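Remarks on the structure that follows.
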Amino acid sequence: MTGIAPALLAWWDVHGRRDLPWQRDPTPYRVWVSEVMLQQTQVVTVERYYDRFMAAFPDLQSLAAASEDAVLHAWSGLGYYGRARQLQHAARRVCEAHGGVLPMDLDALMALPGIGRSTAGAILALAGGQRQPILDGNVKRVLTRLHRIEEPPAVPAVQARLWQLADQYTPADRPAAYTQAIMDLGATLCTRRRPACERCPLASRCLARRDGIAERLPAAQPRRARPQRSSVVMLVCFGAGRVLLEKRPATGLWGGLWGLPEVEGLDAVGDWCQREIGQPPLRIAQRPVLRHGFTHFDLDMTPVEVDVPEPRRALDGGRWLWYNLHDPARVGLAAPVTRLLNSLLQERPAPP
DNA sequence: AAGTCGGGGCA
DNA sequence: TGCCCAGACTT
C-alpha cells in the first residue's frame, strides 16, 4: 500500500505555508532556534520573537558569545526559560566540540541539551533534506486520527507506535517538504477543534473521520486540578524610578531571570528592609493582586510598593540589581514582573 | 511513569 | 474557566 506522501505533497504544493520567518532561509541554525522556540509555544507567539532574536544573535557564534542575561532578555515573555539557557549552552558546546558547525547527525544532535528526537529530526529534515521523522503535536494529531488511535499519545506504547508510523510515512523523496506538509496539515486543516476534513487530502483513508470521531482524537490525558499558591512580592523603590530586582536561581521556576524579592507576608517587609538594605522603609502600599497561571499551579501575587531611602551601601551586583525604569537593563524578566514594572512606569513618568 | 517548566489563544 | 500548543529533561 502506498504512503500518504504523494497526496500530502500535492496538497502542500498548492496550499502549504512557505512564508514563516524560519522558512525563508532554512539553515540548520535558523531551523534549530525556531524549533526550540516552537516547543510548547504556538506559531503566532513565536512569530513575534523570532526575527528579533535572530537580529540579536544572527549566528551560532554570536549566541555562544553572548551573556546569559542578553539571551534571557531576548527570550523574555516566551516562557520555559530553561530552553533559552539550554540553547545557549548547546551553542557553546557546538563551538567547543564541533568547530562551531551544528552536527547534522541524529545522535550528535540529540546529545545536545534541549534537543530531543523530534527537534533533531526537524533540523535534519528541514535544513538538511534528510529522511528523518518528527513527532510534534501536529503530527501526533494527524496520525492518531488517521489510524484511529484512541489511547492518549502519552501512553508509552502509543508513543512508540506513533514514532513507528511517523518513520514509515516519511518519504525518501522531498523529506523537507513532507515535514512541512504534515505540520501544515495539522496546523491548518487537521486542527484540534472543528477539523476541516472536507478539504483534507487524507480524508478518504482517515479512520477517525470514517467513524465520525476525528474531533475527539487525540484522547486527552487525565490531569489533576491545579493547586493554588500565593506570594508577596516587593516593588522596592527609591529616587526617580529605581526598583530592586533579585537574580533567581539558575534552575526551577523563572530560572535565571531577575525577579521581585519575595517575603512571607506584609508583616515581614520592615524586617526585610533592615536586613537587606540596612534602612527602614519610608512608605508601604499594597497593590491589587496579580493572578498568573502555570501548567501545574495558579499563583496569586500580592505586590507591595516599598519606598526606601537612598541606599547607603552597595549590594552584591551578582544577586541584586537596581533596575532603572527609565533606562532598563537588558535582562530577562518574567511576564508578570514586566507588567508590574510597566504599571509602575505609568505612575512615575520620567522627570523632565 | 510522573513531575517540572510559562505564556497565550481560543471556545 | 479549561485545554493545549512545531517537547525535553529529571527523578
Side-chain angles (χ1 to χ4, degrees), chain A residues 17 20-23 26 30-50 72 75-87 89-90 109-123 125-127 133-142 152-160 162-163 166 179-188 190-194 215-227 248-257 259 290-299 332-339:
Chain A
R17 298 182 299 188
L20 295 172
W22 45 92
Q23 292 177 332
R30 287 174 56 84
V31 171
W32 176 32
V33 171
S34 76
E35 287 299 323
V36 174
M37 284 188 176
L38 288 161
Q39 290 169 4
Q40 299 297 295
T41 304
Q42 294 173 351
V43 169
V44 288
T45 304
V46 170
E47 279 188 288
R48 299 199 297 267
Y49 285 81
Y50 184 79
L72 289 172
W75 205 272
S76 286
L78 261 181
Y80 286 95
Y81 299 95
R83 293 182 299 173
R85 282 184 290 107
Q86 287 178 323
L87 181 67
H89 292 166
L109 282 177
M110 288 181 65
L112 296 169
I115 300 184
R117 183 170 173 189
S118 190
T119 298
I123 295 169
L126 295 174
I134 66 163
L135 190 59
D136 61 17
N138 287 315
V139 178
K140 285 179 189 170
R141 194 164 53 250
V142 170
V155 173
V158 173
Q159 181 89 351
L162 289 171
W163 270 111
T179 300
Q180 284 294 343
I182 194 165
M183 284 193 289
D184 280 2
L185 187 75
T188 62
C190 196
T191 50
R192 189 160 66 90
R193 281 181 298 266
R194 300 173 56 100
E215 192 160 10
R216 300 217 308 268
L217 298 182
Q221 188 76 359
R223 44 186 89 208
R224 297 174 313 192
R226 293 190 300 190
R248 297 182 61 85
T251 58
L253 196 67
W254 293 331
L257 302 189
L290 220 65
R291 289 194 164 74
H292 191 74
F294 296 90
T295 309
H296 45 300
F297 67 93
D298 285 322
L299 179 63
L333 301 172
V337 175
T338 300
R339 277 197 289 275

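Note that the structure is predicted; figures quoted are calculated from it, not measured. Below, read A as the first sequence line, B as the second, and so on, with proteins coming before strands; counting in each chain starts at 1.
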Atom [atom1] of [X] and atom [atom2] of [N]: how far apart are they, to the nearest Å?
X	N	atom1	atom2	value
L135(A)	dA8(C)	CG	P	9 Å
I123(A)	dA8(C)	CD1	C1'	13 Å
L87(A)	dA8(C)	CG	P	13 Å
R141(A)	dC4(C)	CZ	P	11 Å
L185(A)	dA6(C)	CG	C1'	14 Å
I134(A)	dA6(C)	CD1	C1'	7 Å
R85(A)	dA8(C)	CZ	C1'	13 Å
Q159(A)	dA8(C)	CD	C1'	11 Å

### Query
In residues 36-49 of chain A, which residues come under 4.0 Å of DNA chain B by heavy atom?
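Output list: Q40(A), T41(A), Q42(A), R48(A).
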
To the closest 0.5 Å, what do you measure between [atom1] ([X]) and [atom2] ([Y])?
X	Y	atom1	atom2	answer
M110(A)	T119(A)	CE	OG1	9.5 Å
T41(A)	R48(A)	OG1	CZ	10.5 Å
L87(A)	Y81(A)	CG	OH	14.5 Å
R117(A)	L109(A)	CZ	CG	13.0 Å
L78(A)	L38(A)	CG	CG	9.5 Å
Y80(A)	Q39(A)	OH	CD	10.0 Å

### Query
Roughly how far apart, to the nearest Å, are dG6(B) and dC3(C) at atom C1'?
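About 15 Å, rounded to a whole number of Å.
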
### Message
Would you measure the distance from the P atom in dA6(C) across to the matching atom in dC10(B) and give it in whole Å?
### Response
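So the two P atoms sit 12 Å from each other.
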
### Q221(A) or W254(A), whichever maps to the more 5' nucleotide of DNA chain B
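Result of the comparison: Q221(A).
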
### Task
Specify the residue among T295(A) and R192(A) whose closest nucleotide of DNA chain B lies further upstream toward the 5′ end.
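Nearer the 5' end of the strand: T295(A).
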
### Query
Does R83(A) use its side chain to pair, donor to acceptor, with the backbone of M37(A) at less than 3.5 Å?
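Yes, R83(A) side chain to M37(A) backbone: donor-acceptor pair under 3.5 Å.
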
### Task
Taking E215(A) for its side chain and R194(A) for its backbone only, find out whether a donor-acceptor pair lies under 3.5 Å.
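Side chain of E215(A) to backbone of R194(A), a donor-acceptor pair under 3.5 Å: yes, one is there.
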
### Message
Heavy-atom nearest nucleotide on DNA chain C for R17(A) versus G114(A): which residue maps closer to 5'?
### Response
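Upstream on the strand: R17(A).
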
### Message
Please determine whether a side-chain nitrogen or oxygen atom of R193(A) lies at a distance below 4.0 Å from atom OP1 or OP2 of dC3(C).
### Response
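No, R193(A) has no side-chain N/O under 4.0 Å of OP1/OP2 on dC3(C).
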
### Query
So, is T119(A) near the phosphate of dA8(C), with a side-chain N or O under 4.0 Å from OP1 or OP2?
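Indeed, a polar side-chain atom of T119(A) lies that close.
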
### Query
Looking across every strand, which nucleic acid part, if any, lies under 4.0 Å from G186(A) by heavy atom: base, sugar-phosphate, or nothing?
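G186(A): no heavy atom of the nucleic acid under 4.0 Å.
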
### Message
Considering every strand and a 4.0 Å limit on heavy-atom distances, what is the contact class for A335(A): base, sugar-phosphate, or nothing?
### Response
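Contact class for A335(A): sugar-phosphate only.
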
### Message
I'd like the 5' and 3' limits of the part of DNA chain B contacted by chain A, with heavy-atom contacts below 4.0 Å.
### Response
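The footprint of chain A covers dA1(B) to dA11(B).
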
### Message
So, using side-chain contact (heavy atoms from CB on, under 4.5 Å) as the criterion, who are the partners of L20(A) when residues are at least two apart?
### Response
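With sequence neighbours excluded, L20(A) shows a side-chain contact (heavy atoms from CB on, under 4.5 Å) to R17(A), W22(A), Q23(A), V43(A), E47(A), given in chain and number order.
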
### Query
Do the non-hydrogen side-chain atoms of I134(A) and E35(A) ever get within less than 4.5 Å of each other?
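They are not in side-chain contact.
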
